[in-house]
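Structure first, commentary second.
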Amino acid sequence: MNRGMSQLSIRKAGEADIQIIAEFNRKLCRELEARDLDEETILAGVGNLLKRPEQGFHLVAELDGEVVGCSLITGEWSDWSNGVFWWVKSVYVSTSARRQGVNRKLYAYARELAKSMDDVRGIRVYIGEQNRAATVAYKALGLKEMPRRMFEERF
């Protein structure tokens, strides 16, 4: 059902959005990694970010007053560029709102916000190698695939 893009709005998330963002993150993890995130941990993680805006923020997309998508923006200092790169992560769009430009609008909002900041040098997007839909979507937005791999150790 195409509800029309004229009713789509993007904003920074607030406390009232914690539950839906946590739910979207759990759905995203199930879709991409076929595993469940601990509900208590993800709720705390989303809520604690609101208390630590220097660590990042969430954006939410609303269609007809209903939150239908979200993304997480975090910063990473680059001494090579003498500034910050914003990372777009944990992007989720509800199944009923997919293919309606929600991700495009979320990214455009983040891009404009980043460009208005003196120390932000660019935007990077982390996606899993198997996430072909995201690869196509971000290439369509004009992002270039970079020749880097990510390694991780969890504590």
Side-chain angles (χ1 to χ4, degrees), residues 1-76 84-117 120-146 148 150 152:
M1 166 173 82
N2 188 335
R3 293 181 275 189
M5 295 310 296
S6 63
Q7 298 97 359
L8 180 64
S9 62
I10 310 296
R11 62 175 171 78
K12 281 190 173 182
E15 290 212 21
D17 302 306
I18 292 171
Q19 187 74 40
I20 190 71
I21 293 170
E23 179 184 330
F24 283 174
N25 273 278
R26 293 184 77 211
K27 288 180 178 183
L28 179 65
C29 189
R30 272 188 229 114
E31 283 182 24
L32 296 179
E33 298 182 16
R35 67 182 181 98
D36 287 321
L37 294 175
D38 179 72
E39 186 174 5
E40 188 175 314
T41 301
I42 190 65
L43 278 168
V46 173
N48 282 329
L49 185 62
L50 282 172
K51 299 173 191 167
R52 301 170 67 190
E54 72 281 1
Q55 296 296 316
F57 57 92
H58 283 95
L59 296 176
V60 294
E62 287 184 321
L63 199 54
D64 297 327
E66 175 189 353
V67 175
V68 295
C70 66
S71 63
L72 168 63
I73 310 294
T74 62
E76 176 183 39
V84 175
F85 278 86
W86 278 5
W87 281 92
V88 177
K89 304 187 269 188
S90 300
V91 177
Y92 184 82
V93 177
S94 65
T95 54
S96 65
R98 291 181 184 171
R99 313 279 316 149
Q100 296 185 51
V102 175
N103 182 45
R104 180 177 293 276
K105 285 274 215 170
L106 281 164
Y107 181 79
Y109 187 94
R111 185 175 187 271
E112 289 307 308
L113 192 56
K115 287 174 71 175
S116 75
M117 309 294 279
V120 179
R121 302 292 183 255
I123 295 179
R124 294 176 174 159
V125 178
Y126 170 76
I127 59 171
E129 287 184 29
Q130 303 303 318
N131 192 342
R132 304 238 185 274
T135 300
V136 170
Y138 287 111
K139 282 183 178 180
L141 290 176
L143 281 80
K144 295 180 182 171
E145 192 168 351
M146 302 302 292
R148 298 183 188 248
M150 188 178 91
E152 172 182 273

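Atom set for the values below is all heavy atoms of this structure, side chains included, hydrogens, waters and symmetry mates excluded.
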I'd like a table of donor-acceptor pairs (distance under 3.5 Å, sequence neighbours excluded) in which one partner is a side-chain atom from residues 67-76, with atom names and distances.
{"residue": "Thr74", "atom": "OG1", "partner": "Lys89", "partner atom": "NZ", "Å": "3.2"}
{"residue": "Glu76", "atom": "OE1", "partner": "Trp87", "partner atom": "NE1", "Å": "2.7"}

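- Atom CG of residue Leu59 and atom CZ of residue Arg11 lie 10.0 Å apart, to the nearest 0.5 angstrom.
- No more than 12 heavy atoms of other residues, nucleotides or ligands shown are found within 6.0 angstrom of CD on Gln19.
- With contacts defined as side-chain heavy-atom distances shorter than 4.5 Å, the pair Leu63/Gln100 qualifies.
- Taking 4.0 Å as the cut-off between side-chain N and carboxylate O, Lys27 and Glu31 do not count as a salt-bridged pair.
- Listed here is the closest heavy atom pair of Arg111 and Ile123: CA-CD1, 3.5 Å.
- Judged purely by atom type and a 3.5 angstrom limit, Arg35 has no side-chain atom pairing as donor or acceptor with the backbone of Cys29.
- With contacts defined as side-chain heavy-atom distances shorter than 4.5 Å, the pair Arg26/Glu23 does not qualify.
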Taking only distance into account, with no hydrogens and no angle test, what donor-acceptor pairs under 3.5 Å do side-chain atoms of residues 42-52 form with protein atoms, sequence neighbours excluded?
{"residue": "Asn48", "atom": "ND2", "partner": "Ala44", "partner atom": "O", "Å": "3.2"}

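- Pairs of residues two or more places apart, or lying in two chains, that qualify as ring-ring contact (aromatic ring centres under 6.0 Å, His included) and include a residue from residues 32-64 are Phe57-Trp86.
- Asp64 contributes atom CG, which lies 4.5 Å from atom CD of Gln7 (distance to the nearest 0.5 angstrom).
- Put simply, OH on Tyr109 and NZ on Lys12 are 7.0 Å apart, with the number rounded to the nearest 0.5 Å.
- Counting non-hydrogen atoms of neighbouring residues, nucleotides and ligands closer than 6.0 angstrom, the CD atom of Glu112 exceeds 12 such neighbours.
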Item to complete: Would you sort out whether Phe24 and Val60 count as a side chain to side chain contact (heavy atoms under 4.5 Å, CB included), showing the intermediate values?
Response: CA-CA 11 Å; Phe24 283 174; Val60 294; over 6 Å; no
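- The one candidate from Val102, Leu32, Leu106, Leu28 that meets the side chain to side chain contact (heavy atoms under 4.5 Å, CB included) condition with Tyr92 is Leu28.
- To the nearest 0.5 angstrom, Asn25 atom CG is 11.0 Å from Arg30 atom CZ.
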